[in-house]
Amino acid sequence: MANTDDPLPRHGQADRFGRLVGEFAEDEAFDAYFPSRPPREDAPEPPSDRSDPRDPGIVGEPPDADALEPEAPPPRRRLRWRLLKWGAKGGFGFLLLLVGWLALLVPVSRTAEPLVPPPIILTASDGTPIARMGPVMDRPVEIDELPDHVVEAFLAIEDRRFYDHWGIDPRGIGRAIWNNLTSSSREGGSTITQQLAKLTYLSSDRTIGRKVQEVPIAFWLELWLSKDEILERYLSNAYFGDNVYGLRAASLHYFYRHPENLTLTQAAMLAGLVRAPSRLAPTRNLE
């Protein structure tokens with residue numbers, strides 16, 4: 001005889017589970033269309049065919065999928081953004097071309113070379129020079145060997161903010177423009193770096209095209225050379241009148257002494273020559 005306390009056989013458990021499922025199915029609370037709360041008085045009637053599984057208490061249609069997509073920017077904004085991209089690409093391309101032009105046609109090493117052909121010197125049989133033809137030049141100068149008053153004399157006349165700018169001095173350019181408009185004198189507003197660029201790579205013609213070319217070349221020289229190197233190469237090639245080039249040659253030519261031994265007044269006179277060497281050279285204008 002079977003014990004009544006034993007669990008039901010497997011087929012008995014399945015019958016009991018089926019009866020429970022049937023009871024739940026008859027309960028309307030388990031209906032998918034049964035509202036979770038009593039419908040409002042003004043709520044629409046639930047669909048008769050129950051084809052829409054939405055809660056009848058929710059009013060309104062679901063949002064359209066196209067309405068959820070972000071709106072396209074207005075045409076004017078798209079055009080402005082396109083112009084900005086074109087401008088950025090064009091500026092980058094121009095920068096690459098400019099750097100290529102500077103690297104190929106503006107070698108920095110040229111500034112260390114003599115900018116005029118060497119003179120022709122006639123000597124006697126024992127080697128004594130008896131005549132000279134061509135420009136007068138001598139070996140370059142070094143800033144560390146020059147007295148402070150010599151360097152300061154040239155900076156005071158040529159470029160007072162030489163050690164502060166990056167090759168271009170906007171204040172000097174503005175001052176030169178104002179003086180040219182308000183007086184009869186003419187100033188260029190060029191820095192020492194720009195003058196070295198003109199001496200080495202450009203002509204001496206006073207044109208707008210040449211001034212425009214000076215700007216990138218000046219930045220290029222400032223990028224590769226130190227301030228002292230730029231000043232040394234400028235002083236070693238500047239024209240001092242009477243067919244004399246370079247500070248050492250000018251110091252020996254006018255005072256018969258090396259630039260390391262110049263006095264303050266002698267340095268000031270030589271610094272003043274570079275502004276107008278042909279007109280202020282003592283051999284032509286002693287007064």
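Note: hydrogens, waters and symmetry copies are ignored here, and every other heavy atom, side chains too, is used.
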Tell me if the [atom1] atom of [X] is crowded by more than 12 foreign heavy atoms within 6.0 Å.
X	atom1	value
H149	NE2	yes
Y256	OH	no
R160	CZ	no
R110	CZ	yes

Any side-chain heavy atom of [X] within less than 4.5 Å of one from [Y]?
X	Y	answer
W166	F219	yes
Y234	T111	no
F154	I192	no

Please check: side-chain N/O of [X] versus main-chain N/O of [Y], any donor-acceptor pairing under 3.5 Å?
X	Y	answer
E158	L155	no
N243	G134	yes
H258	E260	no
N285	A281	no
K227	F162	yes
D159	T191	no
R257	N261	yes
D126	T128	yes
S236	V141	yes
T200	L196	yes

Original post:
If you measure only the distance, is there a donor-acceptor pair under 3.5 Å linking the side chains of S190 and Q195?
Top reply: no
Subject >> Distance in Å, L270 CG paired with H253 NE2, rounded so as to fall on 0.5 Å steps >> reply: 10.5 Å
Subject >> Heavy-atom pair of closest approach, residues Y201 and P107 >> reply: OH-O, 2.6 Å
